[in-house]
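Reviewing the structure listed below.
Labels below follow one simple rule: chain letters A, B, ... track the order of the sequence lines, proteins then strands, and each chain is numbered from 1.
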Amino acid sequence: MVTDDMTIVFGGDAGQGIRSTGLGFIKANARSGLFPFGRQDYKSRIRGGHNFFEIRVAREEIYSHTEGIDLLVAITEETVTEHLEEIVAGGGIIYDEGLDVDPEELKDNGVEPYPVPLNRIAMEEGGAKIMANTAAIGAIVGLTGFDLSYIEGIIEENFAVKGDEVVQNNLDVARAGVEYVDSHGYSANYHLEPVPESEERMVINGNQAFALGAVAGGCNFVSAYPMTPSTSILEWITKHSQELSIVTKQPESELAAVNMAIGASHVGARALVTTSGGGFSLMVEALGLAGMTETPLVIAEVSRPGPSTGLPTRTGQGDLMSVVHASQGDFPRIVLTPGTISEAFQAGARSFNLAEKYQTPVITLSDQHLADSIRAVDPGIIDMEGVEIDRGELLTEEELDSLEGTYLRHEFTETGVSPRALPGHENAVYKTTGNEHTEKGDITEDPEIRMKMMDKRAKKAETALENDIESPIAEGPEDAEISLLCWGSTYGAAKEAIERLPEKGVRANLCHLRDAWPFPAEEVTGFLDGAEKTVLVEGNGSGEMKKLISQETGRVVDHEVLKYDGRPFTPDYIVEKVEEVI
Amino acid sequence: MSEDVTIADYQYPTQPTWCPGCGDFAILQGLQMAFADLGLKPHESLVVSGIGCGSKLPHYTNVNGFHSIHGRPVAVATGAKLANPDLNVVVTAGDGDSYGIGANHFLHACRRNIGITHIVEDNRVYGLTKGQYSPTSYKGFVTKTSPEGAIEPPLEPLPTALTSGATFLGRAFSGDVKHMKEVIARAMEHEGYSLVDVLQPCVTFNPGRSYDFYNERIYKLGDDYDPTDKQVARKKAEEWGERIPLGVIYERNMPTYEEQVPALEDGPIVKRSLDMEERSGVSYGEIKKDFT
Ligand SMILES: Cc1ncc(C[n+]2csc(CCOP(=O)(O)OP(=O)(O)O)c2C)c(N)n1
Ligand code: SF4
């Protein structure tokens with residue numbers, strides 16, 4: 001059977017151009033109308049710095065990578081030994097013929113050997129060994145029947161800055177790679193055929209999608225301290241800060257970052273802070289300050305597995321309880337948990353409106369898997385033009401001009417939201433404070449005012465839940481035997497798992513929480529009550545969402561599939577674990 | 001600037017909760033007088049404070065105030081200044097707040113030359129928490145948390161700031177409001193970061209460093225003093241003991257942080273459109289092209 005859904009892994013040492021080769025291949029796939037899903041893995045524990053770039057390509061939109069490699073491209077012997085066991089039956093390895101690899105042994109393991117003189121082609125046709133990657137791409141094209149012209153286009157673009165000669169050399173190397181495979185009669189049972197008349201696609205990762213959402217959402221101030229895997233948001237916005245007029249600041253610490261954002265927001269900026277779990281922990285006191293002073297604050301917490309430094313370049317969903325409960329005392333906050341590129345974009349765009357409408361912190365909890373994995377999407381989902389800016393109860397210049405009497409920054413209102421003036425207008429000179437305060441912003445210890453202020457702030461969460469918290473996404477047949485619940489990046493793998501479970505004779509559906517707080521209890525309760533057997537799938541060690549669901553709905557999810565090895569879920573893994581629980 | 005601003009514009013009904021005789025009263029008065037002298041109206045400034053006795057100051061005057069958390073007012077003020085450089089941004093906070101828990105922000109504000117005025121109510125003790133030693137307490141200071149006397153020598157604010165790149169160093173004393181007003185006014189006029197370390201008696205928890213102690217030692221720098229000479233300034237900044245200088249110890253004009261931020265070239269971001277295309281002239285289509 002010829003398949004058009006395949007996984008290719010490029011493996012090699014750090015510095016061998018694995019990443020740029022992978023990215024180029026992804027772009028070529030996307031332009032041909034296919035849907036690539038790519039992710040890089042750094043296995044820093046291995047001496048020599050083996051790392052790999054994994055690309056799954058399919059004809060339909062895909063939301064996850066899967067297990068098993070169809071085609072391994074090995075620039076080093078280590079790549080072969082590291083990944084041999086993952087190669088599926090009928091899969092193969094393209095490797096340099098100079099590597100110490102025994103083709104007969106591969107065949108005994110059910111793996112097709114495709115020796116290609118990658119280095120020799122690179123030297124003879126291109127004049128530099130680094131072009132072995134390009135030769136490998138040529139070999140892939142030869143094996144899969146992919147259209148070389150897309151690769152040629154990428155080569156021309158990528159190497160244009162290095163001059164015509166480099167472009168030509170790479171083109172020659174790629175073509176020689178194709179010819180070598182063709183002339184040696186290598187064949188494989190997968191096929192990458194361009195999709196005719198397909199639409200143009202964007203190639204983007206979760207952090208970039210969030211950043212695009214943020215700038216379309218009016219973000220004009222970013223203060224952030226670098227921390228993997230959040231840093232690329234700060235870097236992307238900073239790269240464009242001058243042309244887009246966005247103030248970006250990398251300050252002395254996360255304490256500075258979050259408090260600068262609070263100061264900027266207090267005077268009217270749409271301020272963003274990006275960080276990961278460790279940095280977020282440092283920001284916790286300031287989170288409460290924003291809650292108490294009713295200052296809009298947008299945080300992107302792109303998590304990685306803890307505790308402490310944990311697995312710094314890997315993925316995990318162990319910060320849910322942290323972001324939902326962080327900081328002393330009770331105050332409203334909004335937590336978004338996007339699971340797709342579209343949702344990451346929306347989170348970036350919605351955050352600033354939500355923060356200003358409810359004058360409180362809004363946290364997007366993403367993770368390394370969503371942040372870094374690269375996907376092809378329809379540009380329509382990155383609808384920057386469609387983003388509308390809503391500043392909520394912010395008083396306009398005209399409203400301030402006609403303001404009479406004493407301005408009450410923390411006025412009691414039905415919705416809990418008080419009209420907000422930015423400092424700088426004559427008619428609204430005011431104070432605010434992290435101490436409990438009166439409507440006017442003066443410190444108070446009055447028990448009655450205290451109760452009313454607590455209730456006023458809490459009311460904002462109710463208002464937000466009614467108006468702005470998105471219902472969980474429900475997918476699959478209503479009469480399922482198994483119902484999965486998930487949130488954040490796990491959605492992609494879970495989505496594919498419920499599509500595959502019927503093959504195992506199991507009817508399954510799912511509920512994905514894209515907004516986690518204020519908790520959409522009504523919808524989740526409804527889903528749980530209508531389900532036969534429920535399974536929470538999440539990337540942490542203690543079932544944080546499972547606990548949160550119990551806390552908020554009084555219902556206990558029947559089973560849990562947890563993963564906390566630092567690696568993202570795959571549909572295969574979920575299917576296997578679900579079969580175990582039934 | 002308007003002529004008609006007086007200290008009366010800065011009066012506020014809330015009565016300070018400070019102990020009678022506390023040096024913070026004079027700082028409040030000195031700041032109000034400086035605002036009035038410069039013709040600044042209450043809505044033109046934002047006073048950011050941290051947590052401590054002195055940090056309550058914004059609550060006692062008619063001005064925009066942001067009473068934040070312990071150690072962070074310099075960071076909050078920096079963000080406010082970066083978002084709206086048109087505001088006159090002032091920090092009032094204690095020595096514990098500024099030089100202890102918030103010391104990192106202090107150091108970086110100095111070298112960053114961000115245009116805020118940082119007034120430190122330096123009573124050399126933790127007042128609000130009722131009398132523990134602070135980063136500027138003298139070695140041997142006996143408190144509830146240093147019954148045998150503080151072991152560490154004090155942090156020296158002015159030399160530390162100078163070494164860290166500060167472009168304005170002032171010292172004032174709560175016992176001389178008029179002089180303090182002048183130092184604060186000059187600090188607010190300075191473009192870039194300005195530090196005013198105020199010798200502030202805490203009559204309750206640090207009576208050994210009160211009015212008498214300072215009155216015996218302070219002297220004012222005269223008109224002949226040249227604050228632009230860094231070598232001389234270093235000596236003055238380090239002078240502490242029998243004689244303690246007051247006044248503007250160092251002032252040098254250097255580009256401020258905010259004036260070097262490209263995104264602020266066309267004015268404060270808070271006064272510009274939130275619509276990215278409108279603000280920048282860059283279309284969404286161009287941005288999205290990066291990803292195809
Ligand atoms: C994070 C944090 N730690 C500790 C405290 C308790 N605390 C409040 S004020 C203060 C020290 C006050 O000293 P200083 O900053 O010098 O101001 P002063 O009261 O002397 O004016 C401390 C430790 C706090 N509010 N927040
Ligand atoms: S404790 Fe000291 S610093 Fe605090 S108000 Fe009293 S005298 Fe002033």
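Heavy atoms only, all atoms of each residue included: N435(A) and H67(B) are closest at OD1-CE1, 3.2 Å. When all heavy atoms are compared, the tightest approach of I269(B) to S245(A) is CG2-O, 3.9 Å. N64(B) and G424(A) make their closest contact through ND2-N, 3.7 Å (heavy atoms, listed as atom of the first residue, atom of the second, distance). Taking every heavy atom of both residues into account, M276(B) and V215(A) meet most closely at CB-O, 3.7 Å.
Interface residue H240(A): only side-chain heavy atoms are found under 4.5 Å from chain B. For T432(A), the parts lying near chain B are the backbone and the side chain together; criterion is any non-hydrogen pair under 4.5 Å. For chain B, no part of A261(A) is nearby; none of its heavy atoms comes within less than 4.5 Å. Only the backbone of T61(B) comes within less than 4.5 Å of a heavy atom of chain A; no side-chain atom from C-beta onward does. Within the 4.5 angstrom heavy-atom criterion, only side-chain atoms of I51(B), from C-beta onward, approach chain A. In this structure, no portion of A257(A) lies under 4.5 Å from any heavy atom of chain B. With a threshold of 4.5 angstrom between heavy atoms, L82(B) approaches chain A through its backbone and through its side chain. Using a 4.5 Å cut-off between heavy atoms, L212(A) touches chain B through its side chain atoms alone.
With N259(A) contributing its side chain and A75(B) its backbone, the two residues share no donor-acceptor pair below 3.5 Å. A distance-only check finds no donor-acceptor pair linking the side chain of R72(B) to the backbone of A256(A) [under 3.5 Å].
Around CD of E191(B), the count of heavy atoms belonging to other residues, nucleotides or ligands within 6.0 Å does not exceed 12. Heavy-atom contacts from other residues, nucleotides or ligands closer than 6.0 Å to OH of Y126(B) number more than 12. For Q260(B), the CD atom counts as densely surrounded, since its 6.0 Å shell holds more than 12 non-hydrogen atoms of other residues, nucleotides or ligands. Enclosure of atom CD in E388(A) is not indicated, since only 12 or fewer non-hydrogen atoms of other residues, nucleotides or ligands lie within 6.0 angstrom.
Proximity of H43(B) to H425(A): side-chain heavy atoms (C-beta onward) are nowhere separated by under 4.5 Å. Residues H108(B) and S253(A) form no side-chain contact, since every pair of their non-hydrogen atoms from C-beta on lies 4.5 Å or further apart. Inter-residue side-chain proximity for V270(B) and R270(A) is flagged as unmet; no heavy-atom pair is nearer than 4.5 Å.
Residue with the most contacts toward chain B among E385(A), E200(A), M384(A): M384(A) (heavy-atom pairs, distance under 4.5 Å). Looking only at heavy-atom pairs under 4.5 Å with chain A, the residue among D290(B), T14(B), L274(B) that has the most is L274(B). Highest contact tally toward chain B, considering only H437(A), M292(A), K27(A), is held by K27(A) [criterion: heavy-atom pairs under 4.5 Å]. For the set V261(B), I287(B), N84(B), the entry with the most heavy-atom pairs within less than 4.5 Å of chain A is I287(B). Highest contact tally toward chain A, considering only G102(B), A263(B), S45(B), S49(B), is held by A263(B) [criterion: heavy-atom pairs under 4.5 Å]. The greatest number of non-hydrogen atom pairs below 4.5 Å with chain A, out of T78(B), V47(B), I69(B), is found for I69(B). Considering only heavy-atom pairs separated by less than 4.5 Å from chain B, the leading option among K249(A), R391(A), E397(A) is K249(A). Annotation: maximal heavy-atom pairing with chain B below 4.5 Å, among V387(A), V247(A), I389(A), occurs at V247(A). The candidate from P42(B), P58(B), G65(B), P268(B) with the greatest count of non-hydrogen atom pairs under 4.5 Å with chain A is G65(B). The greatest number of non-hydrogen atom pairs below 4.5 Å with chain B, out of E252(A), Q242(A), M202(A), is found for E252(A). Contact tally against chain B (heavy-atom pairs below 4.5 Å) for T295(A), L255(A), I262(A): the top residue is L255(A). Counting heavy-atom pairs closer than 4.5 Å to chain A, the top-ranked of the candidates A80(B), S68(B), A83(B) is A80(B).
Within the model, atoms NZ of K56(B) and OG1 of T433(A) stand 9.5 Å from one another, a figure rounded to the nearest 0.5 Å.
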Please assess R272(B) against N220(A) for the test side-chain contact (heavy atoms from CB on, under 4.5 Å), listing each intermediate value before the final yes or no.
-> CA-CA 10 Å; R272(B) 301 183 59 198; N220(A) 55 13; over 6 Å; no

Assess the residue pair V203(A) and F291(B) against the criterion (side-chain contact (heavy atoms from CB on, under 4.5 Å)); give the C-alpha distance rounded to whole Å, side-chain angles, the decisive distance to 0.1 Å, and a yes or no. CA-CA 5 Å; V203(A) 172; F291(B) 298 93; 5.7 Å; no

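In this structure, K431(A) forms a cation-pi arrangement with Y12(B), its terminal cationic atom sitting closer than 6.0 Å to the ring centre and no more than 45° off the ring axis.
Ring geometry, F66(B) versus H266(A): the interplanar angle exceeds 60°, so the pair is classed perpendicular (tilted spans 30 to 60°).
Checking T292(B) against R201(A) by side-chain atom types alone, no donor-acceptor pair falls below 3.5 Å.
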